[in-house]
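See structure below.
Chain A is the first sequence line, chain B the second, and so forth, proteins listed ahead of strands; every chain is numbered from 1.
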Amino acid sequence: MNQSAVVQAEIEPAESPLTPESWGKLGMWVFLAGDAMSFGALLAGYGALRYGSADWPHPSSVLGVGLTAFMTFLLICSSVTMVLALDGIQRGDMAALRKFLALTILGGVSFLAMQAYEWTHLIHDGLGLSGNPWGASLFGTTFFIITGFHGAHVTGGVVYLSCYLTRSLLGGLKQGHASEIEIAALYWHFVDLVWILVFTFVYLL
Amino acid sequence: MADPAVMTAGPAVHVHHELGFWRTYIFSTDHKMIGRQFLFLGLFMLIVGGALAMLMRWQLAWPETAVPGFGWVPEPYMVEGIIPPNTYNSLFTMHATIMIFFAVMPIMIGCFGNFLIPLMIGARDMAFPVLNMVSFWSGLLGGLVMLAGFFVPGGHAAGGWTAYAPLTAKAIYTGVDWGQNLWNISLIILGVSSMMGSINYITTVVNMRAPGMTWFRLPLVIWSLFITAILLLLALPVLTSALAMLLFDRNLGTHFFLPEGGGEPLLWQHLFWFFGHPEVYVLVLPAMGVTSDVLSTFSRKPIFGYRAMAFSMIAIAFLSWIVWGHHMFISGMNPLLGTAFMLSTMVIAVPSAIKTFNWLGTLWGGSIRFATPMLFALAFVSNFVIGGLSGIFMASTPVDIFIHDTYYIVAHFHYVVAGIIFAMFAAIYYWFPKIFGRKLNETLGKLHFWPTFIFFNGVFFPMHILGVGGMMRRIYNPLQYEFLQPLQPINVFITANAFLLGLVQILFVVNFVWSLIAGKPSERNPWQANTLEWAAPSPPPHGNWGEALPVVHGGPYEYSVPGMAEDYLPQNQSRRPSPTLAKRHGPSGGQVTA
Ligand code: HEM
Ligand SMILES: [Cu+2]
């Protein structure tokens, strides 16, 4: 072994980063872990309040589960188009990126529109932040707070993705930015996953 | 994000270009400047929180007499200098809130986390410098909102730092309206600020360690800050959600925590303490990390049981999620559950004990240098032992039911949380030369240390006796209770010590300001320490390392290595075997080949 090999051996390999392609990816994972805890707290609170309540209405008797099932389906589809958008930019196919990014945004916007429709309907029927003609008032509270918090996340996602769509239309997005789209996709899938939990606990069970 | 090649190569490009005043000192994205900003914020708030404590101590020693010099404070905050009951409630609430969230956290995590992480792992800055800047400014905003609460009608939050519902869920229960709202809003903002900090700290430590800086070559203070960042990341969002629910209950007519509408007051306690217990470790872990580094450096010995130290912090991080119920023993929980919480709490004492014994093992046989940072670190350990031992009593449910909510508890947690102040001083005295490029005065430092240590114990040790004697915490006037009247001399004694404790801090302020302006300029490595930050100039320039990143060749605590000329071996110094070493290990020793 020559001198430089000795030095090499004692240095050990340079520490390998977890996400060498971009720091932002790990940053997003970390953020999502924290954000998951805020949803977790809301859902745990929901569980405790519902368990302790004597007159919690059965969700399907108040909420239109059919519509929300469709909304869930829509959100899952938008996750699929997000995957395709990422695939597009990774291949350098910017037209595919734009098309599927637009479809993803459309999915998000339709979801929000349907949620607005659902909310107006329920509010019209008397469900409110602190009132519920079908029983426990906390049913209304938790419903609006949890779906509202999730809706805010979808809104944020739509804005986030729209920024990239605009950038791409202005020609500022290149194949080399694929990891940024990947980060945005992480967020979008997370919001989707959270919705599946919300749908299960607040609508189905 | 920019492409990674540029990021790892670091800002070599802009190492040399000059930034204007605003970008250098105010809206800086340099981790060192952000660290300094957090330090000044924290020290200012420490003075505010301390002043509130002094007012409380006046009231407890000489209840319902006018505080000298406070006659000007308008009603209803004070009545001709006398502290009314409502104000007393605000005092202990805000004292604790400010100390925990705006003094200890900004200094230990905001300042030292920011300053030390990139320097000690050999990086040029944090992973996301702009996010880092926003984290400071939102933290400051949170602080201003918190301070604003003192000036709104109805006064500041008065429901204790734990803000138990339903007391805090309706304005009429405490008479505090916007004070409590601002309290909630401020902590929500701080939650966002802290989340940004966590994202930076975790990503930076995981991704940006210099070549050769393996996980088990990280200094323990970096381990502690890394684990703290994880705890904060997962704990604070739970508090944020709970704070939002409380805010809705107060302002939008919901009933999350109000039984009258089917809500559960206990839900608040569960959510709060699910955050609150990890929070206790958030406060104490960085202090433990600082202590480990300082003890090793000034004992000129490797830390005893490095891996045990790192693993016990990891164990604490896991266990801290399943002990929260020990704050709720008297809430009427199922005794089986209570016992489970009691056992998990006793288990979490084990890693803490491991750390204590390892500190003692580090000291054993060392050539100890009693410099000021070392004195403060030793004091932290001794206070921590007292706080840790008194904690064991409380973990046992039968005893806790007796001493719960007495001054025994106040004594216990001050030995731990206010004891952190000693680790904080240790850190400031130790790293001041690196942060500001000048040394603090050692003589003044020692003059600051001894009275601080003595009066601290004079304040908090007698509180154990008050507690066992039955004095409840959070009471306005102990003299209202006949059985407490014989204990009153102890209260007077404590207050006298508290005022002296406050007074001697002037020595620190003088030393700090004077050294900042005219202290002796410091060389790179004034304490002959091993860790990487000492390899950079004092203070380090923008980009920290000039042209090339440092390369790490060994662990952080290799002091007094046999056969070496010096008693320290910096991490970035090559371990190329010296002739003496080769002799010691014989011909087959290590990688020595011809
Ligand atoms: C160094 C001087 C200090 C003094 C003289 C002091 C004094 C006090 C007193 C007298 C109380 C009890 C009030 C009551 O129950 O009626 C109290 C409560 C408290 N203090 Fe301190 N304290 C000091 C430092 C600190 C520090 C540095 C921290 C935290 C980092 C801290 C955290 C707390 C907490 C959490 C409470 C409980 C508040 C509540 O009951 O909601 N204290 N302090
Ligand atoms: Cu605890």
- [ ] Apply the test side-chain contact (heavy atoms from CB on, under 4.5 Å) to residues B:Leu233 and A:Phe31: give CA-CA distance (whole Å), side-chain angles for both, the deciding distance (0.1 Å), then the verdict.
- [x] CA-CA 8 Å; B:Leu233 172 79; A:Phe31 165 72; over 6 Å; no
- [ ] Go through the atoms of A:Ala136 and report whether side chain, backbone, both or neither lie under 4.5 Å from a heavy atom of chain B.
- [x] neither
Open item on the list: At a 4.5 Å cut-off on heavy atoms, which part of A:Ser53 comes close to chain B: side chain, backbone, both, or neither?
Closed with: neither
[X] to [Y] - nearest heavy-atom pair and separation:
{"X": "A:Ile145", "Y": "B:Phe248", "value": "CD1-CE1, 3.3 Å"}
{"X": "B:His255", "Y": "A:Ser137", "value": "ND1-OG, 3.9 Å"}
{"X": "B:Gly261", "Y": "A:Leu138", "value": "O-CD1, 3.9 Å"}
{"X": "B:Ser241", "Y": "A:Ser38", "value": "OG-O, 3.0 Å"}
{"X": "B:Ala127", "Y": "A:Trp23", "value": "CB-CD1, 3.9 Å"}
{"X": "B:Leu234", "Y": "A:Ala33", "value": "CD2-O, 3.9 Å"}

Rounded distance [0.5 Å steps], [atom1] in [X] versus [atom2] in [Y]:
{"X": "A:Trp29", "Y": "B:Thr203", "atom1": "CH2", "atom2": "OG1", "result": "13.0 Å"}
{"X": "A:Met37", "Y": "B:Thr240", "atom1": "CE", "atom2": "OG1", "result": "11.0 Å"}
{"X": "A:Leu26", "Y": "B:Met208", "atom1": "CG", "atom2": "CE", "result": "11.5 Å"}

Does any heavy atom of chain A fall under 4.5 Å from the side chain of [X], the backbone, both, or neither of them?
{"X": "B:Phe275", "result": "neither"}
{"X": "B:Leu267", "result": "side chain"}
{"X": "B:Met245", "result": "side chain"}

Task: Check: A:Ser130 main-chain N/O paired with B:Thr254 side-chain donor or acceptor under 3.5 Å - done: no
Open item on the list: Between B:Asn207 and A:Leu18 (side chain of the first, backbone of the second, donor and acceptor by atom type, cut-off under 3.5 Å), is there such a pair?
Closed with: yes
Open item on the list: Taking CZ in B:Phe318 as the centre, count heavy atoms belonging to other residues, nucleotides or ligands within less than 6.0 Å. Is the count above 12?
Closed with: no
